[in-house]
Amino acid sequence: MKQDLVRFALNDIRRISQLSLHDWDLLVRQARSADLLARLAVLARAAGLLDTVPAQARMHLESALVVAEAQDDAVHREVEHVRVALNAIGITPVLLKGGAYLMAGLPAAQGRLFSDLDILVPQARLPEIEATLMLNGWATTHHDPYDQRYYRQWMHELPPMQHIRRMTVLDVHHAIVPTTADLKPDPAALFAAAQPLPGHPGLSVLAPADMVLHSATHLFYNEEFSHGLRDISDLDLLLRHFMQTPDFWAELLGRARILGLMRPLHYCLRYCSTLLATPVPAAVLAEAARAQGWSDPLIHRLWLRVLASTHPTARRRGTALASLLLYLRAHWHRMPAGLLLYHLCRKSLRPRARSDGQAEV
Amino acid sequence: MIVADLPPRDLQARLKEGLYLRTGPVVSCIRSHSPQLANGIALHYAGHRIESGFADFHVRIDRPDNLRRWFRPQVLFHFDDTPAFHPLPADQAFPMLEWGLNWCVTNHCHQYLIIHAAVLERDGKALLLPAPPGSGKSTLCAGLAHRGWRLLSDELALIAPASGHVVPLPRPVSLKNRSIDILKRFAPEAAFSPTVKDTIKGAVAHMRAPRAALARADETAAPGWIVLPKYADGADLKLQPLTRARGMMALIENAFNFDLHGQRGFNALGRFTDACRCYKLEYGSLEDAIAACEALATTDA
Amino acid sequence: MSSAESWRIADNLELAWQDWDEDEVVVFSRRLGHSLLLSAPAARILAFLDADSPLTRAELAERLLPCCAAGTGQAEITALLDQTLPEFYRICLIEPLAESLGPPLATPLA
């Protein structure tokens with residue numbers, strides 16, 4: 001019988017005490033393929049359970065921890081390079097996603113593996129920002145004119161920039177959803193609420209509620225779900241951390257209203273509570289559910305398939321189809337129909353040269 | 001149960017389902033329909049234990065599901081059902097397994113500091129031969145393994161950071177081109193797999209690890225010597241002491257995962273080198289090099 | 001190059017050392033993630049700057065003299081500084097204090 005042991009363990013880490021050696025064999029493989037092995041290790045360690053893991057399996061958790069902890073230094077270094085380059089022209093970059101979680105010391109950063117660094121900058125100063133980055137050694141990728149247009153005109157970011165010497169990748173965003181999308185959160189509102197990063201002058205991060213909303217929008221309106229389970233796990237950790245602040249839930253609902261992101265928030269809260277037992281108050285779930293769309297009950301099962309381990313020992317039938325349907329849906333939301341048709345035709349005629357399989361932050 | 005306990009037909013049947021093979025600290029579940037692979041395992045892993053329940057790595061070596069099944073057949077290495085390398089000709093199935101198992105370790109065993117080095121043991125102390133390909137370290141390693149040194153690994157020195165000890169990974173020694181004949185003459189008692197020609201490394205054969213390597217696979221080795229080997233045809237023997245700083249630098253430069261261990265790794269390799277004597281060894285004949293290492297073991301005892 | 005030329009260690013290098021009192025030393029920078037093999041005298045120069053920045057060339061020369069082999073003269077020490085300081089600058093370990101600079105040095109790696 002196929003079992004998603006990663007979701008099983010993330011739901012309540014104490015459950016790992018129930019696992020047999022054979023279960024551990026499956027869990028290690030499933031977690032590794034979902035990029036969640038290090039996260040499991042961090043959660044097990046925090047719960048004081050690492051020593052109870054069978055030695056053979058524990059080796060893999062320890063190896064994953066070494067890799068995850070090495071990133072700390074590497075990311076700090078890279079963020080510093082970006083800060084120095086952009087502060088010089090008076091720009092305070094807003095760190096996004098994994099880079100933000102790590103620099104802000106959030107639990108969501110622990111055990112998380114990533115490669116690209118994501119930042120948010122004002123659209124008005126984009127040409128100057130791009131020029132400064134290039135002067136400091138970052139080069140644009142995706143040189144095909146179509147790809148360039150795809151990113152610059154239609155999406156919400158510059159084509160990824162890669163540093164010529166360090167080979168690190170920087171994704172420069174000017175909004176958190178594509179320009180062409182039907183959701184239109186105002187970047188000005190995000191900047192206005194952005195907070196300086198304590199201990200790191202010259203850097204900012206999104207306000208806690210905005211961080212959650214950004215992550216939720218990215219997961220539920222993006223086209224790729226290869227990290228679906230990891231992304232929902234990130235959201236679970238963000239919520240569990242921020243909910244310790246009084247008034248967080250009210251703030252979260254308030255921001256979702258202002259930014260027009262209630263629907264992604266609804267998905268986020270629904271799936272976090274259903275799959276990972278995130279303790280979201282019932283009233284908050286109900287309030288967010290009012291933004292539910294007519295198609296949501298239909299796609300509910302698709303999300304359940306996709307927010308899971310993709311390993312062959314866990315994957316249920318219908319997952320590939322679910323991914324495809326959600327991919328199409330994401331494109332539908334990200335681009336007007338005419339443009340979408342053009343884009344999909346282009347894509348099918350020529351393979352898109354995206355980054356070499358590196359994990360998106 | 002060990003591999004030799006299985007009659008050939010049973011071994012092939014196991015391989016179709018998944019053979020859980022222990023090699024030192026690592027258990028690999030190997031699946032394959034390849035007869036060359038089965039023969040290679042029967043020869044080189046005869047004394048290795050068969051486990052069940054948990055494998056550190058799940059690998060599969062089989063023909064790809066395309067036309068190449070029939071025409072100039074190939075084999076593909078899968079790590080947990082994902083192809084990890086380009087396909088190779090089907091007769092290279094066993095070398096592919098060996099390269100693949102090395103890849104598994106270097107990419108997933110980061111609880112160790114992993115140095116690209118041959119490593120052997122004498123009197124509880126480890127002799128590390130860190131060197132890039134082409135330095136002759138595999139030939140020297142294979143020779144030493146038959147002259148009183150216990151083989152720990154021909155490729156991967158696994159250093160446990162906390163204890164500073166080297167952990168054995170008993171697997172066959174990979175030999176290329178001329179080394180194959182040199183070793184066959186040097187150690188006629190050793191078992192060799194058939195030579196596979198035309199690999200990207202040239203002609204390749206594997207030499208079975210001597211019995212002691214497997215029998216004492218649970219015994220780690222303390223730091224002993226770091227020796228940088230350099231083979232040149234007809235060269236005179238020259239054994240020169242090196243500063244410990246240079247010895248340590250050789251470990252760092254040949255480490256697969258030093259960057260992952262950062263400061264802790266730096267400190268661990270510092271402590272390791274502190275307990276070692278460091279040398280550079282230039283040689284033109286295997287016998288000379290072995291004699292030089294013997295002298296090290298005797299004087300430093 | 002002037003003896004008043006002043007140098008300081010780059011920010012936050014977080015250096016760690018392995019020094020066995022031999023002719024060579026290994027140094028590791030946590031921030032750069034790199035290790036380097038240095039001659040003992042070059043290692044001393046870096047260590048002085050790590051401990052007390054900024055230092056002028058004259059101050060460095062003065063501190064080096066007792067560490068060098070007996071009979072080492074000013075000329076050798078000057079040659080050592082001439083060779084080592086630009087190289088450390090090139091690999092981003094040290095920085096000159098701008099006002100003290102003479103002729104331009106090779107640009108450091110980004």
Side-chain angles (χ1 to χ4, degrees), chain B residues 110 112-117 128 130-132 135 157 159 161-162 164 222-228 230 238-281 300, chain C residues 9-51 53 60 63-64 66-70 72 76-77 80-81 83-85 87-88 90-94 108-110:
Chain B
H110 300 299
Y112 301 116
L113 275 153
I114 308 173
I115 316 287
H116 191 197
L128 260 80
S135 54
I159 300 179
W225 306 270
I226 299 170
V227 174
L228 277 53
K230 185 148 168 263
K238 211 157 68 160
L239 182 71
Q240 266 175 296
L242 287 178
T243 58
R244 282 194 170 87
R246 211 162 267 270
M248 182 179 177
M249 208 58 201
L251 295 185
I252 292 173
E253 283 167 349
N254 286 284
F256 283 103
N257 61 359
F258 179 72
D259 56 326
L260 294 179
H261 288 265
Q263 173 91 54
R264 280 198 321 251
F266 181 76
N267 296 343
L269 287 182
R271 287 191 300 270
F272 187 91
T273 312
D274 194 55
C276 284
R277 292 185 191 269
C278 306
Y279 299 91
K280 186 162 96 164
L281 174 65
D300 292 349
Chain C
I9 197 88
D11 284 333
N12 301 324
L13 282 181
E14 294 181 64
L15 296 178
W17 306 83
Q18 284 289 347
D19 187 348
W20 284 280
D21 217 11
E22 301 167 321
D23 293 336
E24 290 168 319
V25 171
V26 189
V27 65
F28 172 72
S29 160
R30 201 177 151 187
R31 186 173 76 88
L32 298 177
H34 296 321
S35 304
L36 277 180
L37 183 67
L38 298 177
S39 69
R44 298 268 178 282
I45 294 172
L46 192 62
F48 293 143
L49 287 169
D50 194 31
S53 273
L60 281 169
R63 291 185 187 210
L64 274 171
C67 307
C68 293
T72 309
E76 277 132 322
I77 292 189
L80 174 66
L81 289 169
Q83 204 178 37
T84 312
L85 292 172
E87 187 55 24
F88 280 168
R90 195 184 68 82
I91 56 177
C92 304
L93 292 178
I94 65 177
L109 305 176

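Quick note on labels: first sequence line is chain A, next is B, and so on, each numbered from 1. Note: hydrogens, waters and symmetry copies are ignored here, and every other heavy atom, side chains too, is used.
Heavy atoms of Val25(C) lying under 4.5 Å from chain B belong exclusively to its backbone. For chain B, no part of Leu38(C) is nearby; none of its heavy atoms comes within less than 4.5 Å.
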Side chain to side chain contact (heavy atoms under 4.5 Å, CB included) between Ile252(B) and Val26(C): does it pass, once the steps are laid out?
CA-CA 10 Å; Ile252(B) 292 173; Val26(C) 189; 4.3 Å; yes

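Contacts of Thr72(C) classified as side chain to side chain contact (heavy atoms under 4.5 Å, CB included), with partners at least two apart in sequence or in another chain: Cys68(C), Ala69(C), Glu76(C), Ile77(C).
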Anything under 3.5 Å between chain C and chain B that's a donor-acceptor pair? List each one with its distance, please.
from, atom 1, to, atom 2, distance (Å)
Trp20(C), NE1, Asp274(B), OD1, 2.6
Glu22(C), OE1, Arg244(B), N, 2.9
Glu22(C), OE1, Ala245(B), N, 3.3
Glu22(C), OE2, Arg244(B), N, 3.0
Glu24(C), OE1, Thr243(B), OG1, 2.6
Glu24(C), OE1, Arg246(B), NE, 3.1
Glu24(C), OE2, Arg246(B), NE, 3.0
Glu24(C), OE2, Arg246(B), NH2, 2.3

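In this structure, Phe28(C) and Phe258(B) have perpendicular ring planes: the angle between them is above 60°, well past the 30° mark.
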